[in-house]
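Beneath this line is the structure, given in C-alpha cells, with notes to follow.
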Amino acid sequence: MSRMQPQTGTAERTRSRRVHRSATDIYETDQGLVLLIDLPGVVPDAIEVTLEKDLLTIRAHTDDRPPPGYSLVHQEYEPGDFERSFTLAGPVDAGRIEARMSEGVLRLLLPKPQASEARRIQVRSG
Amino acid sequence: MARQDWLDWGGRHPFEEMMRLQNEMNRLFSSRFAGAREAPAGGFPAVNAYAGEQGVVLTAELPGVRSEDLEISAFRDTVTIRGMRRPPDDAAGYHRRERGHGEFVRTITLPFAVDPGRVEAQMTHGVLYVILHRPPEDQPQRIKVQAG
C-alpha cells in the first residue's frame, strides 16, 4: 500500500544515480483513475508513493548488480532510480488508494470519492 | 575475474562492434515502442551484456511483458528475443499514454557460438535475464606454464 509521507522537497539521495522518468499510462475506469507506471527492476518494498494535497509523487529505486562472476561488457541502457509527479485534477479518495506491483509495472487506483462522502455545505441565507 | 580471450581484442570489445552493426539492422525491422527504452540506435529492447567465464548474460527491461508472451531462441552465435506487450484491458478514456504496446523482435549476434541446449531465460520484476553458455569445447582453455 502507499505510504503517506510529508513531501521531502529537494532532498537528494546520498548515492548519485541516474533518475529516470518512468513511462506512465493514465486512464479512467468505472472505479476511478488508473495509473500504470513502468518500474523495471524495482521490488515492491523499494517504491514510495506520496500524496500531498493534489500532488502525487512516485519514487522507486533499483538495486541492480551484475550477476556474480560476470562483468559488464556492453551497455545500451543505464539502470537507475525512477521518479515521477502528477498534479491531480479531480478529487480523489486518498484513504482508498490501491497500489499493486506486477511484472515491473506499478498499478495505482485512485478511487473517486463516494457520493455519500461528499461534504454538503449548507448555505444560509440572511 | 580472469580475462577472456575475446574480451581483449585490441581495445574495443567485439561485443560493442557487433551490437553497433546490428543496431542498424534492427532499426529497420523492429517496431517502435513509444516511451520504452530503446538501444541508442533504435533497436528494442535495449540490451546490456555481462561476460563471465562460461558465457554471457543479456539483460533487457521489459516491464509488463508476461513470460508466456516472450520467446527466446538461440542458433549458433545469434540470440533472438521476440515478444509482445499487451495493452491494459480495462482502459476506457486515456488521459496520458506513454507506454507502448505491441510486438517486438531483436536479434543479437554474439562473438562466439552458444550452447543451444543450455539457454536459460527468466523474468524478474520486469527485467529479462538470458543466460547463455559457450559450448565446453569452445571455452578458453587455461594453459599451465610449467617451470623448466
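So that the names make sense, note that chain A is the first sequence line, chain B the second, and so on, each numbered from 1. For clarity, every value in this text was computed on a predicted model and none was experimentally measured.
Contact tally against chain B (heavy-atom pairs below 4.5 Å) for Leu35(A), Thr29(A), Ile26(A): the top residue is Ile26(A). Considering only heavy-atom pairs separated by less than 4.5 Å from chain B, the leading option among Met101(A), Arg107(A), Arg84(A) is Arg84(A).
The side-chain heavy atoms of Asp90(B) and Gln31(A), taken from C-beta on, include no pair separated by under 4.5 Å. Between Ile108(B) and His74(A), the closest side-chain pair of non-hydrogen atoms is not below 4.5 Å. Side-chain contact check for His95(B) versus Leu33(A): some heavy-atom pair is nearer than 4.5 Å. Counting heavy atoms from C-beta outward, Glu98(B) and Arg21(A) have side chains that approach closer than 4.5 Å.
Scored by the salt bridge (charged side-chain N to carboxylate O under 4.0 Å, His left out) test, Arg124(A) finds no partners at all (sequence neighbours excluded).
The main-chain N or O of Tyr77(A) is found under 3.5 Å from a side-chain atom of Asn48(B) such that the two form a donor-acceptor pair.
Taking CZ from Arg96(B) and OH from Tyr27(A), the interatomic distance works out to 15.0 Å, rounded to the nearest 0.5 Å.
A pairwise comparison of heavy atoms in Thr24(A) and Arg99(B) identifies N-CG, 4.0 Å as the closest pair. Asp25(A) and Arg97(B) make their closest contact through OD1-CA, 3.4 Å (heavy atoms, listed as atom of the first residue, atom of the second, distance).
Heavy-atom distances place the backbone of Leu39(A), and not its side chain, under 4.5 Å from chain B. Contact of Pro44(A) with chain B is made through the side chain alone, with heavy-atom distances under 4.5 Å.
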